[in-house]
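What follows is a set of notes on a single structure, which appears directly below.
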Number of protein chains: 2
Amino acid sequence: MKTNALNPHVSVDCVIFGYDFEELKVLLIERNYFDDNDNHQDKKITDLVLPGNLVRDNETLDESAKRILKELTGLENIFLEQFYTFGDPNRVRKKQDAEWLRTMRTDPDARVITVAYFALVKLNDYIPKPDSFARRSEWYGIDKIPTLAFDHNEILDKALESLRFKLKYFPIGFELLPKKFTLSQVQKLYEAIYGNKLDKRNFRKKLKALDIITPLGEKQKGVSHKPASVYTLNLKAYQDSQSGSF
Amino acid sequence: MKTNALNPHVSVDCVIFGYDFEELKVLLIERNYFDDNDNHQDKKITDLVLPGNLVRDNETLDESAKRILKELTGLENIFLEQFYTFGDPNRVRKKQDAEWLRTMRTDPDARVITVAYFALVKLNDYIPKPDSFARRSEWYGIDKIPTLAFDHNEILDKALESLRFKLKYFPIGFELLPKKFTLSQVQKLYEAIYGNKLDKRNFRKKLKALDIITPLGEKQKGVSHKPASVYTLNLKAYQDSQSGSF
DNA sequence: CCAAAAGTGTTTACTCTACACCCATGG
DNA sequence: CCATGGGTGTAGAGTAAACACTTTTGG
């Protein structure tokens, strides 16, 4: 029988993507701790990690990822996809990472394999939970990611690559937008993810051909230009569509 | 410092695909052991598993997969791709699987997460190694896979799905063919993998447009019909081509 | 009336699909 | 001379890409 003890050898890390109508963002966690090994100077260290944790022995990997997401953001039922597993025995290369493990783990030298997921969340819905395992979490623009702990930059790069690849063939972008959106918002999102401009008319043609969005008959309000029509995702059509052409 | 001890919590399983010019095959291992728990009848049990093993603490996951492949087939430098990690805490569902672990593992009840790879090998090159950890290994046609141990049928299904998906966008099929091949052999391979017929003229058009094969000027010999031209892969062009259109 | 983004169609190039006959060889 | 698979091109449909002007609103 498996207990809910933490398995010291397997962790799950989540690359949580969000979109603020300007750029693609990633949720990172500030790690604060004292390096009391450094000439007894008790130097405070602050750096950034991807949200993640060891897996419990009685949960699946998917459940573990969901748990991490819920603990951190309070959100459930969000898009989540396993994309790669990182298992280099030398994942812990930096001195401060080893130090930090020493303060956090019962077996700090154990080799940990991490199964990586990416998640797509609606930034609006996100209210940071101050009591979660993250003392502080913050959204970072995808083009402004500093050096992260462990191999987390590598994980993030691969997550972005996986997101871009998946988005080409499946209409998952709406997971990053509110329930009601305009066509320009969708286009700007795709541009933010791929990092290049798209043709407005062609984009709308393709999007409408997918037949998974419905106009609500509403209009944007309070904008100092022609107000855009508001659309929503047609969930049934979305489920049926096994492959889009984006 | 990590040793080369086996990590009891993480394994690597390999779905090894081969092609015999007739159908797509998978290399499976016969597991023989005695169920001495069954009314003391010492019933011999034979069933099938995917090749796999626990990971050593000082090797990467890729290295582990390579090691398994080499131990089993003697082959090196073969195409290998991680496609998914399976971590259901109830991966061991069948009674005989639990029994078998009891005979093989120091901690038979430990939860094991398995990182799955698929490999593409040239059947010609394969000479089974009788001394390897597999007492007996055998190629099974993809449409004739019996029930396997653990969750290995699920792993195999996902491997095939991953292979099909990857093959659509990358010209990896040649990994399954000998160095010299005819165009019809390539086509029959694709048909075997996707399980449907393809149009000869269109197939050849697409293949030649990829610009990664070169005719050798040779012809097939000893066939009782018009002999086919023999081609080979143009490695440089293959490396450069980051995405085919299959 | 100005600025800003919304909204809309057509032409052209390219790619994909369907399809049928002659050829070279061994037996 | 027969059976078998090898080898080739074209027409039509569908998809993707390029491109510019009018509309509506707030300030």
Side-chain angles (χ1 to χ4, degrees), chain A residues 19-23 164 167-171 177-178 180-192 194-232 241-246, chain B residues 19-23 167-171 177-178 180-192 194 196-232 241-246:
Chain A
Y19 179 61
D20 65 354
F21 303 108
E22 286 298 326
E23 53 176 0
R164 283 176 176 155
L167 187 62
K168 261 189 208 155
Y169 305 106
F170 300 91
L177 293 169
K180 299 176 174 190
F181 50 81
T182 69
L183 298 184
S184 291
Q185 284 171 345
V186 183
Q187 182 175 345
K188 279 191 71 179
L189 167 64
Y190 274 75
E191 289 174 343
Y194 289 112
N196 57 24
K197 288 277 165 198
L198 298 169
D199 180 272
K200 183 159 56 158
R201 281 182 280 197
N202 292 334
F203 185 85
R204 289 155 111 97
K205 224 181 300 169
K206 258 161 101 177
L207 194 51
K208 286 179 175 170
L210 285 182
D211 213 40
I212 55 167
I213 55 171
T214 320
L216 290 172
E218 298 173 36
K219 296 268 172 193
Q220 256 183 331
K221 272 175 191 157
V223 288
S224 76
H225 54 74
K226 180 171 176 178
S229 293
V230 175
Y231 288 75
T232 194
S241 77
Q242 280 307 50
S243 72
S245 68
F246 278 98
Chain B
Y19 179 61
D20 65 353
F21 303 108
E22 285 298 325
E23 52 177 0
L167 186 62
K168 262 189 209 158
Y169 305 106
F170 300 90
L177 293 169
K180 300 176 174 190
F181 48 81
T182 69
L183 298 185
S184 291
Q185 284 171 345
V186 184
Q187 181 176 344
K188 278 191 74 180
L189 167 64
Y190 274 74
E191 290 174 343
Y194 289 112
N196 56 25
K197 289 277 165 199
L198 297 169
D199 180 272
K200 182 160 57 159
R201 279 182 281 195
N202 292 334
F203 185 85
R204 288 154 110 98
K205 223 182 301 168
K206 259 160 102 176
L207 194 50
K208 286 178 174 169
L210 285 182
D211 214 41
I212 54 170
I213 55 171
T214 318
L216 290 172
E218 299 173 35
K219 297 269 172 193
Q220 255 183 331
K221 272 174 191 156
V223 289
S224 75
H225 52 75
K226 180 172 175 178
S229 293
V230 174
Y231 288 76
T232 194
S241 77
Q242 279 308 48
S243 70
S245 67
F246 279 99

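Not measured: the values here are computed from a predicted model. Convention: sequence-line order gives letters A, B, ...; per-chain numbering from 1.
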Would the base of [N] count as contacting [X] through its side chain, where contact means a donor and an acceptor less than 3.5 Å apart?
{"X": "K205(B)", "N": "dT17(C)", "answer": "yes"}
{"X": "K219(B)", "N": "dA24(C)", "answer": "no"}
{"X": "R201(A)", "N": "dA20(D)", "answer": "yes"}

Rounded to the nearest angstrom, tell me the gap between atom [atom1] in [X] and atom [atom2] in [N].
{"X": "R204(A)", "N": "dT15(D)", "atom1": "CZ", "atom2": "P", "result": "21 Å"}
{"X": "L210(A)", "N": "dT15(D)", "atom1": "CG", "atom2": "P", "result": "12 Å"}
{"X": "H225(B)", "N": "dC22(C)", "atom1": "NE2", "atom2": "C1'", "result": "16 Å"}
{"X": "D199(A)", "N": "dG7(C)", "atom1": "CG", "atom2": "P", "result": "15 Å"}
{"X": "N202(B)", "N": "dA20(C)", "atom1": "CG", "atom2": "C1'", "result": "13 Å"}
{"X": "Q220(B)", "N": "dC23(C)", "atom1": "CD", "atom2": "C1'", "result": "14 Å"}
{"X": "E191(B)", "N": "dG5(D)", "atom1": "CD", "atom2": "C1'", "result": "13 Å"}
{"X": "F181(B)", "N": "dG6(D)", "atom1": "CZ", "atom2": "C1'", "result": "16 Å"}

### Query
Side chain of K226(B): nearest nucleotide among dG6(D), dG26(D), dG27(C)?
dG6(D)
### Message
Can you identify which nucleotide, out of dA24(C), dC19(D), dT8(C), has its nearest atom closest to the K200(A) side chain?
### Response
dT8(C)
I'd like to know if the side chain of [X] and the backbone of [Y] have a donor-acceptor N/O pair within less than 3.5 Å.
{"X": "Q187(B)", "Y": "R204(B)", "value": "no"}
{"X": "E191(A)", "Y": "L198(A)", "value": "yes"}
{"X": "D20(A)", "Y": "E23(A)", "value": "yes"}

### Task
Answer with base, sugar-phosphate or nothing: what part of the nucleic acid does S184(B) contact at a heavy-atom distance below 4.0 Å?
sugar-phosphate
### Query
Just checking K208(B): base, sugar-phosphate only, or nothing, at a heavy-atom cut-off of under 4.0 Å?
sugar-phosphate
### Message
Do L167(B) and Y194(B) make a side-chain contact, defined as non-hydrogen atoms from C-beta onward lying under 4.5 Å apart?
### Response
yes
#### Entry: Minimum side-chain heavy-atom gap S229(B)-E218(B) below 4.5 Å
no
### Query
Under 4.0 Å between a side-chain N/O of S229(A) and OP1 or OP2 of dG7(C), yes or no?
yes
### Query
When the nearest nucleotide of DNA chain D is assigned to P227(B) and to V223(A) on a heavy-atom basis, which residue is associated with the more 5' position?
P227(B)
